[in-house]
Amino acid sequence: MTTTGPTPSTDFIRAIILDDLKTNKYGGRVHTRFPPEPNGYLHIGHAKSICLNFGIARDFKGLCNLRFDDTNPSKEEVEYVDSIMEDVRWLGFDWADRLYYASDYFEQIYQWAVQMISAGKAYVCDLTADEVREYRGTLTEPGRNSPYRDRSISENRDLFERMRAGEFPDGSRTLRAKIDMASPNLNLRDPVMYRILHASHHRTGDQWCIYPTYDFTHGQSDSIERITHSICTLEFENHRPLYDWYLRELGIYAPQQIEFARLNLTYTVMSKRRLLELVKEGFVNGWDDPRMPTICGLRRRGYTPEAIRNFCARIGVAKMDSVVDIGLLEHCLREDLNKRAQRVMGVLRPLRLVVDNYPEGQVEQMEAVNNPEDAGMGTRKVPFARTLYIEQDDFREIPPKKYHRLTPGQEVRLRYAYLVRCTSVVKDSNSGEVAEVHCTYDPATRGGNTPDGRKVKGTIHWVSADHAAAAEVRLYDHLFTKPDPDEVAPGQDYKANLNPSSLERLSRCWLEPSLKDAAPGSRYQLERLGYFCVDPDSKPGSPVLNRTVSLVDTWAKIEKKGAGGGGRGARG
RNA sequence: UGGGGAAUAGUGUAACGGCAGCACAAGUGACUCUGGAUCACUUAGUCAAGGUUCGAAUCCUUGUUCCCCAGCCA
């Protein structure tokens with residue numbers, strides 16, 4: 001906090017904690033928890049919560065638990081708990097030996113339910129789900145008491161015991177809190193505490209056929225773990241009075257719940273329901289599809305934990321519903337990758353370039369800088385020869401205004417190699433498209449230097465045709481075409497805004513030879529193109545690259561602005 | 001039409017009765033062997049109307065808009 005750089009101002013939650021520390025509210029303790037339900041993969045929204053909870057523990061020298069809120073056996077699976085642990089760890093956080101499951105507390109929670117019954121604060125209700133809804137009333141009308149509300153304590157105890165023993169079918173009865181059917185807060189209209197569910201639980205197996213609801217579990221779990229600050233999202237604000245009521249009636253330790261606004265991002269969706277739908281209906285290739293906002297998707301895309309953590313620090317924490325520009329996430333990514341990614345050359349859409357006056361069969365090893373931002377990363381050799389590939393975009397027979405690249409008569413620099421001047425083009429006899437470009441080089445400019453001090457506006461990348469490694473490159477764009485995917489015509493849903501070109505596969509790309517056996521997961525900057533990472537689909541000798549994010553493209557902006565004037569792409 | 005929340009540049013977020021600041025985005029220029037990076041500069045804001053005060057984004061009143069709640073989901 002007292003070191004260099006702008007001091008991040010404390011968010012409203014840290015302000016509360018600071019204050020609690022001052023008043024010694026929890027004896028100087030700060031103990032938070034990250035409580036996911038294992039019913040899906042973690043996404044960038046969870047990362048915000050993870051950074052908040054673990055970050056607070058780190059900042060205040062406190063602790064943060066990982067606890068699975070696994071109270072609904074019908075939706076939860078081990079696959080999800082494994083992935084959640086992997087993702088939290090990958091993000092750089094450690095719960096040490098404090099891994100908990102709400103299901104570990106089932107017996108205690110059951111005993112608390114019995115205690116509530118004995119105190120006359122809970123009853124077994126025989127109403128069906130539909131009837132419960134009817135009796136609940138509406139937003140503006142009070143509800144009515146259940147006809148089973150005044151059962152005797154002993155009858156309630158007996159019935160609840162028999163619920164546990166499995167005597168009743170699913171949905172036939174519930175245990176309900178006896179609070180107030182006229183409460184303006186619907187959560188307080190005799191909420192369900194236990195439901196009958198003959199389902200196998202991922203941890204407790206068939207030990208139980210009744211399961212506590214989240215509402216009757218969450219506060220108590222926090223209480224058992226002596227959580228001081230129970231941080232959750234806004235939609236649980238209405239539930240806080242209920243949690244407080246349970247804790248007070250039970251007479252047990254009560255943490256302080258603080259709600260913050262969940263993260264929303266432009267051009268994507270964040271709800272688990274929707275992400276599941278995209279996976280199940282095949283709109284993406286699994287939870288770790290690089291287009292997904294899931295942590296594993298971002299990881300496969302090439303995101304770094306540092307970039308995600310930095311993003312979470314920059315978006316702040318508040319109670320206002322908001323939508324963060326995905327451009328900020330991309331900015332944080334570029335900022336991190338710029339510092340650490342090794343530079344290499346690769347051509348995505350190849351166009352043959354023949355250097356006519358370069359000796360046939362000659363090969364020179366050109367020295368290239370690995371990272372201009374970090375001299376410590378050293379240099380490497382890149383082979384140069386007579387026949388090269390350059391990017392189709394880097395040649396125009398009829399150049400638009402301000403075009404600095406290769407064009408008949410104009411000189412450009414081949415990065416780290418030589419200055420060349422285009423002399424002629426060869427066109428495909430059928431399509432009429434440019435198939436090959438011929439040029440001559442200036443031997444005095446070896447390494448890309450200009451001994452005579454002459455200025456060259458354009459520098460383009462290249463690979464030697466005989467030495468390059470063939471690769472597949474996958475380009476990604478936003479998953480949705482609109483910043484707000486919910487902006488649809490009547491009768492349509494968010495899927496109508498799915499971006500049909502969110503994935504583009506280029507199968508005939510050429511990379512400099514050093515990338516031939518690049519390890520999956522490693523990240524590079526392909527100069528002038530963007531940041532890429534090696535996908536697990538790669539086979540030895542045939543790499544597959546994902547474009548993590550493009551470089552800021554000033555030329556594209558200029559070209560777009562001048563639209564209507566400049567000629568279109570050479571590749572059509 | 002019940003209850004609970006929230007409103008500050010295009011976006012996100014500070015300022016806690018005392019000069020409305022920062023970041024991203026956008027724009028302009030410098031520099032450059034990546035049209036990258038970097039640097040400099042510019043545009044742009046307190047939901048509205050009243051009130052209290054020497055002084056209001058901040059306190060009070062009224063209004064407006066948006067979000068959440070009628071799962072035996074979390």
Side-chain angles (χ1 to χ4, degrees), chain A residues 6 8-11 15 35-37 39 69-72 74-76 125 127-129 132-134 136-143 170-176 183-189 191-197 211 213-215 217-218 232-241 259 261 266 272-273 314-325 327-332 334-335 338-339 343 345 368-369 372-373 402-405 413-417 419 445 447-450 456-461 483 525-530 550-559:
Chain A
S9 52
T10 58
D11 57 72
E37 183 195 9
N39 70 340
D69 270 340
D70 53 354
T71 54
N72 186 350
S74 56
K75 292 185 174 178
E76 297 152 6
C125 182
L127 256 24
T128 65
V132 167
R133 192 175 313 122
E134 251 173 68
R136 186 156 31 228
T138 68
L139 293 179
T140 50
E141 303 154 24
D170 284 4
S172 61
R173 281 176 229 263
T174 56
L175 182 72
R176 294 227 262 162
S183 172
N185 181 343
L186 268 50
N187 295 123
L188 264 25
R189 317 244 263 228
V192 170
M193 297 162 62
Y194 264 90
R195 68 283 217 200
I196 301 173
L197 236 39
Y211 291 92
T213 57
Y214 172 84
D215 279 352
T217 306
H218 190 79
C232 63
T233 43
L234 252 26
E235 67 269 27
F236 294 103
E237 217 156 11
N238 295 333
H239 295 241
R240 179 157 28 95
E259 308 86 7
T266 54
K272 279 198 213 172
R273 205 203 105 246
R314 288 208 206 185
I315 56 175
V317 182
K319 295 194 76 156
M320 181 176 67
D321 293 297
S322 60
V323 184
V324 176
D325 188 339
L328 181 59
L329 214 209
E330 294 169 346
H331 167 81
C332 292
R334 290 190 183 103
E335 186 179 56
N338 177 49
K339 285 181 297 191
R343 273 61 169 172
M345 290 195 284
V369 172
E373 305 291 321
K402 294 183 185 168
Y403 189 77
H404 296 166
R405 285 110 98 142
R413 171 168 26 238
L414 294 178
R415 174 138 241 227
Y416 298 126
L419 267 53
T445 59
N449 302 308
T450 51
V456 187
K457 279 222 184 107
T459 298
I460 65 175
H461 58 273
Q525 182 198 99
L526 293 199
E527 293 214 31
R528 306 208 304 133
L529 296 176
S550 64
L551 251 26
V552 171
D553 192 346
T554 309
W555 167 243
K557 230 179 270 177
I558 296 170
E559 200 180 24

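Chain identifiers are assigned alphabetically (A, B, ...) following the order of the sequence lines, protein sequences preceding nucleic acid strands; residue numbering begins at 1 within each chain. All values below come from the heavy atoms of this structure, side chains included, with hydrogens, waters and symmetry mates left out. Being a predicted model, the structure only gives us computed values, none of them experimental.
Within 4.0 Å of A/Phe236, counting heavy atoms only, lies at least one base atom of the nucleic acid. When heavy atoms are screened at a 4.0 angstrom cut-off, A/His461 is found touching no nucleic acid atom at all. Using a 4.0 Å heavy-atom distance criterion, A/Glu237 is classed as a sugar-phosphate-only contact. Among the heavy atoms of the strands, none lies under 4.0 Å from A/Tyr194. At the heavy-atom level, A/Lys557 lies under 4.0 Å from the strands shown only through sugar-phosphate atoms. Within the nucleic acid shown, A/Arg189 has no heavy atom closer than 4.0 Å to any nucleic acid atom. Across all strands, A/Asn72 comes closer than 4.0 Å only to sugar-phosphate atoms, never to a base (heavy-atom distances). In this structure, A/Asn449 reaches the bases: a heavy-atom distance under 4.0 Å links it to at least one base atom across the strands shown. If you check every strand for non-hydrogen atoms under 4.0 Å, A/Gln525 touches a base. Across all strands shown, A/Leu328 has heavy atoms under 4.0 Å from sugar-phosphate atoms exclusively, and none from any base. At a threshold of 4.0 angstrom between heavy atoms, the contacts of A/Glu373 include nucleobase atoms, whether or not backbone atoms are also involved. No contact: A/Pro35 has no heavy atom under 4.0 Å from any strand. A/Ala129 comes within contact range of at least one nucleobase, with a heavy-atom separation under 4.0 Å. Among the protein residues, A/Leu329 comes within range of no part of the nucleic acid, since none of its heavy atoms lies under 4.0 Å from any strand.
With rounding to the nearest 0.5 Å, the separation of CZ in A/Arg343 from CZ in A/Arg415 is 9.0 Å. Between the OG1 atom of A/Thr174 and the CD1 atom of A/Ile196 there is a distance of 8.0 Å, given to the nearest 0.5 Å. Rounded to the nearest 0.5 Å, atoms CG (A/Asp70) and CG (A/Asn39) are 10.5 Å apart.
For A/Arg195, a side-chain nitrogen or oxygen approaches OP1 or OP2 of B/A74 to under 4.0 Å. Applying the 4.0 Å criterion to OP1 and OP2 of B/U32, one finds that A/Thr459 has every side-chain N and O outside that range. In this structure, A/Thr71 does not reach the B/C73 phosphate: none of its side-chain N or O atoms is under 4.0 Å from OP1 or OP2. Listed pair A/His331 / B/C24 meets the phosphate criterion, a side-chain N or O lying under 4.0 Å from OP1 or OP2. In this model, the phosphate group of B/A37 is not approached by any side-chain N or O of A/Arg334 to a distance below 4.0 Å at OP1 or OP2. At B/C68, none of the side-chain N or O atoms of A/Lys319 fall inside 4.0 Å of OP1 or OP2 (strictly under the cut-off). Dashed line: the shortest gap from a side-chain N or O of A/Arg136 to OP1 or OP2 of B/G71 is under 4.0 Å.
Between A/Leu328 and A/Ile315, the shortest heavy-atom distance links the atoms CD2-CG2, 3.9 Å. The two residues A/Arg189 and A/Glu141 have their closest heavy-atom pair at NH2-O, 2.8 Å. For the residue pair A/Asp69 and A/Tyr214, the shortest heavy atom distance occurs at OD2-CE1, 3.4 Å.
Below 30°, between 30° and 60°, or above 60°: for A/Trp555 and A/Tyr403 the angle between ring planes is above 60°, a perpendicular geometry.
Distance noted for atom P between B/C47 and B/U13: 14 Å (whole Å). The P atoms of B/A15 and B/C68 are separated by 27 Å, rounded to the nearest whole Å. Rounded to whole Å, the C1' atom of B/U52 lies 11 Å from the corresponding atom of B/U61. Straight-line distance between the C1' atoms of B/G51 and B/A56: roughly 11 Å, to the nearest whole Å. Here, B/C66 and B/A14 have their P atoms 24 Å apart, quoted to the whole Å. Only the C1' atoms considered, B/G55 is 16 Å distant from B/C16, to the nearest whole Å. Nucleotides B/C72 and B/C67, compared at atom C1', are 26 Å apart to the nearest Å. The C1' atoms of B/U43 and B/U28 are separated by 10 Å, rounded to the nearest whole Å.
The pair A/Glu37-A/Lys75 does not count as a salt bridge, with every side-chain nitrogen at least 4.0 angstrom from each carboxylate oxygen.
Atom CG of A/Leu234 and atom P of B/C67 are 13 Å apart (whole Å). The CG-C1' distance, from A/Leu529 to B/A37, rounds to 16 Å in whole Å. A straight line from CG of A/Leu551 to P of B/A37 spans 6 Å, rounded to a whole angstrom. For A/Glu335 and B/C39, the CD to P distance is 10 Å, given to the nearest whole Å. Atom C1' of nucleotide B/C73 and atom NE2 of A/His218 are separated by 14 Å, given to the nearest angstrom. Protein atom CZ of A/Arg415 is 14 Å distant from nucleotide atom P of B/A37, rounded to whole Å. As rounded to whole Å, 15 Å separates atom C1' of B/A26 from atom CD1 of A/Ile558. Note: CG (A/Leu186) to P (B/C72) measures 11 Å, nearest angstrom.
B/C22 is paired with B/G12 under the Watson-Crick or G-U wobble criterion, all donor-acceptor distances under 3.5 Å. Here B/A7 sits opposite B/U64 as a Watson-Crick or G-U wobble pair (both hydrogen-bonding atom distances under 3.5 Å). Nucleotide B/G55 forms a pair with no other nucleotide shown, judged by Watson-Crick or G-U wobble geometry with both contacts under 3.5 Å.
When distances run from any side-chain atom of A/Met320 to the nucleotides B/U13, B/A14, B/C68, the shortest one goes to B/U13. Listed nucleotides: B/A74, B/C72, B/U13. Nearest to the side chain of A/Thr174: B/C72.
The glycosidic torsion of B/G27 lies more than 90° away from 0, placing the base in the anti range.
Between A/Arg240 and A/Gly316, the residue anchored closer to the 5' end of RNA chain B is A/Arg240, taking for each the nucleotide with the nearest heavy atom.
A/Asn185 places a side-chain N or O within donor-acceptor distance of the main-chain N or O of A/Asn238, the cut-off being under 3.5 Å.
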